[in-house]
Amino acid sequence: MSARTARHVSSRVSREFNGRSPRRLSVHYHRISDAFSTIIPSENRIVYMEDLESPSSQATVASKDEKLTTIASSQVDPDRDESTNKKPKPVPSTSTTNGKRQRTLFDMLGSAPSQASDTRSKKPKLTASSSGNDKPSAAGTQPSGQSPGLQSLNSIPFSSTEYVASLTADQKRLLKLECETMGKSWLKVLKDEIRKPYFNLLKEFLWKEGVHGPDDSAEDLKVYPAPRNIYSWSNYTPLGKVRVVMIGQDPYHGPGQAHGLCFSVPHGVTTPPSLRNIYAEIKAEYEGFVPPKHGNLTAWAEAGVLMLNTCLTVRARTAGSHQGKGWEQFTDRVIEVVDRYGGANLGVKSGLGQGVVFLAWGSWAAKRVAKLNKTKHLILSSAHPSPLSASRGFFGNGHFRKANDWLEGRYGPDGRVDWSQLDPVI
C-alpha cells in the first residue's frame, strides 16, 4: 500500500470512528468495508489466522457470516436454550475450545443488523433426534417397541429347497430334522441360527445319542420326546400368531410323557402334578372352568400359546441330562424372535411384533425373560406350579385373567385365550 493510500484509509477510519464507542462500531462496518473494498483489491487483502474458523468451530457454526450476524444482532441470542427458551448462566472463559474467544477488531466490526438478518433462522442445535447418531433406549427398542429397519415377517423370503441346497453335506446330515419338521414360519427366521457352530455341536451330541432324523423311535433311543415331536411347538403355534408364551425347563423324562409342548402330555397319559395345579389356578380365576380329565394342551398351542421348554430333549429318566449342550442358547434365540415378531399377524396384522404375554414361572423361566421390554410385553412371574413351590406364590397369582385383560386391551376381544378350550381343534 502506498503512503498516500494509507493516509486516505487512516483518514476514513478516523472520521467514521471518532467519538464512537466500540459497541456502536458494528453499525458502521458496511461503510468501512466499502472503503477497503474500493482501496484494497481482494487479492491483496491480509487475512489473519484468528479470523479463520477452526474445524471444530465450523462444525457448530454454519458460516462465518452467520456467526457475525449472531454476535451483532441483539434479537438472536446464541446462548439461549431452544428447548426451554431460557438463557443459562454464563461461564467466564476465553478458551477457544468451548466455542468462545476474546473479541477481535473483526468481531467488533461485524455486519450491522438488517431486516434480512433479523428474520434469518438460527441453526438448530444438535440433539439426540437430530444428530444422525440415534441410540436405542436401554431396552434396545424404539418407543413403538420395534427395532429400526426390522423387516415384516410376511415379507421375509424363504425357500426350503434353496436353503437345503445351500447346506454342506455335513450340514444336511445334521440339520435333516430341522429342515423336515420345524414350522416354516420359524425356520425362515432361525435358518442362520441353526448353522452356527454351537448348534452343530449340539446336533453332533444328539447324533451320538441316536437322534438322527424324524423317523427315529423314542423308545429305541431312550431320548424324549420322539425326534418328530422335538419341534412340535413350532408347528402348532406359527410365529405370527403367538400371543402367550409359557416357558418350561425340561421335557418330561418318563416314557410317553413328552410330546414337544411344556407342561402338556398326550391323551391317555396321567395329568402331571404341575399341570393339575395350573388347572386349579384357572378354576380359581374362572369359576366356570371345568378341569379336563386329560393333560393335552394342544388346543392352547393352536390358539396361540407357545409352550416352549428351555431344553428341547432329555435322556430317559434322567432330568437335566441335556442341559448345557446348546439348547438354552437356541431357545433364548427363539424368545428373541418372539420379541420381534410375536403377534405380527394378530389385530392389525402389521407383520411386526406388537407384544405378547410371557408366563415365567420359577427362577429358571424368569432368567429367560429378564432382558425383554416390559413396556412392549406383559411379563408375569411367580413361583413354579410344581407341588414343591405352588403354595409359595403360584396359587393366587391371577396370571390367566391378567393375560386376557392385557390381550384384549392390545388386540381387542379376539386377542383373548379361551383357557377352558382344551380339546384339540379338529
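Side-chain atoms are counted along with the backbone in the values below, which use heavy atoms only and exclude waters and symmetry mates.
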Just verifying a value: how many Å separate R333 CZ and Q329 CD, rounded to the nearest 0.5 Å? 10.5 Å
Exactly one of H212, E178, Q171 should register a side-chain hydrogen bond (donor to acceptor under 3.5 Å, both in side chains) with K203. Which one does? E178
For P227 and L177 the tightest heavy-atom approach is O-CD1, 3.5 Å
Within a radius of less than 6.0 Å around CZ of R173, do more than 12 heavy atoms belonging to other residues, nucleotides or ligands occur? yes
Please verify the inter-ring angle class for Y163 with F158; under 30° counts as parallel, over 60° as perpendicular, anything in between as tilted. tilted
So CD1 of I194 and CG of L175: to nearest 0.5 Å the spacing works out to 4.5 Å
Closest non-hydrogen atom pair, L297 against M307: O-CE, 3.1 Å
How close do H294 and L422 get, counting heavy atoms only, and between which atoms? CE1-O, 3.0 Å
Can you tell me how far the CG atom of L372 sits from the CD1 atom of I379, to the nearest 0.5 Å? 4.5 Å
Close side-chain approach of W300 to L261, heavy-atom, < 4.5 Å: no
Residue K188 excluded, over 12 heavy atoms near NZ under 6.0 Å: yes
Evaluation steps, side-chain contact (heavy atoms from CB on, under 4.5 Å), between V314 and N309: CA-CA 11 Å; V314 66; N309 278 314; over 6 Å; no
Taking A383's backbone N and O only, do any of them form a donor-acceptor pair with S389's side chain (distance below 3.5 Å, no angle check)? no
Would you find a donor on one side and an acceptor on the other, under 3.5 Å apart, between the side chain of K196 and the backbone of N200? no
Stepwise side-chain contact (heavy atoms from CB on, under 4.5 Å) test for C179 and L167: CA-CA 11 Å; C179 292; L167 300 176; 4.1 Å; yes
Residues F395 and A280: closest non-hydrogen pair is CE2-CB, 4.2 Å
Run the side chain to side chain donor-acceptor pair (under 3.5 Å) check on S152 and N154 step by step: do they pass? CA-CA 6 Å; S152 169; N154 299 330; 5.0 Å; no
In terms of ring plane angle, is the pair F330 and Y231 parallel, tilted or perpendicular, where the classes change at 30° and 60°? perpendicular
Please list, chain by chain and in numerical order, all residues satisfying side-chain hydrogen bond (donor to acceptor under 3.5 Å, both in side chains) with S420, sequence neighbours excluded. D418
Give the intermediate values and the outcome of side-chain contact (heavy atoms from CB on, under 4.5 Å) for residues S166 and R195. CA-CA 11 Å; S166 71; R195 299 176 77 163; 3.3 Å; yes
Is a side-chain donor or acceptor of S382 paired with a backbone partner of N397 at a separation under 3.5 angstrom? no
Using a 3.5 Å distance criterion without hydrogens, assess whether the side chain of K325 forms a donor-acceptor pair with backbone atoms of L202. no
Apply side-chain contact (heavy atoms from CB on, under 4.5 Å) to E193 and F199, showing your working. CA-CA 8 Å; E193 190 72 15; F199 198 83; 5.8 Å; no
Hey, could you give me each pair passing salt bridge (Lys or Arg N to Asp or Glu O under 4.0 Å) that has a residue in residues 378-403? Not counting sequence neighbours. none
Shortest non-hydrogen contact from E204 toward D170: OE2-OD2, 4.0 Å
Separation between CG (L306) and SG (C262), nearest 0.5 Å, reads 8.0 Å
Report the distance from atom OG1 of T270 to atom CG of L275, rounding to the nearest 0.5 Å. 11.5 Å
Quiz: residues 252-260 side-chain donor-acceptor pairs under 3.5 angstrom, not counting sequence neighbours:
from	atom 1	to	atom 2	distance (Å)
Y252	OH	F263	O	3.3
Q257	OE1	G254	N	3.0
H259	NE2	S264	OG	2.7

Pairs in or reaching into residues 235-256: which pass salt bridge (Lys or Arg N to Asp or Glu O under 4.0 Å), with residues at least two apart or in two chains? none
In terms of heavy-atom contacts, D216 and G213 come closest through OD2-N, 2.7 Å
Let me check something: any side-chain donor-acceptor pairs from residues 355-368 under 3.5 Å, sequence neighbours excluded? List them with distances.
from	atom 1	to	atom 2	distance (Å)
W361	NE1	H399	ND1	3.0
W364	NE1	T310	OG1	3.0
R368	NE	D332	OD1	2.8

Begin with the C-alpha distance, continue with both residues' side-chain angles, and end with the deciding distance and a verdict on side chain to side chain donor-acceptor pair (under 3.5 Å) for H384 and Q249. CA-CA 11 Å; H384 193 276; Q249 187 169 348; over 6 Å; no
Scan the side chains in residues 403-410 for donor-acceptor partners under 3.5 Å anywhere in the protein, sequence neighbours excluded, and list what turns up.
from	atom 1	to	atom 2	distance (Å)
N404	OD1	V417	N	2.7
N404	ND2	Y286	OH	3.2
N404	ND2	V417	O	3.0
E408	OE1	R416	NH1	3.1
R410	NH1	Q354	O	2.3
R410	NH1	K376	O	3.3

CG of N296 to NE2 of H267: how many Å apart, nearest 0.5 Å? 4.0 Å
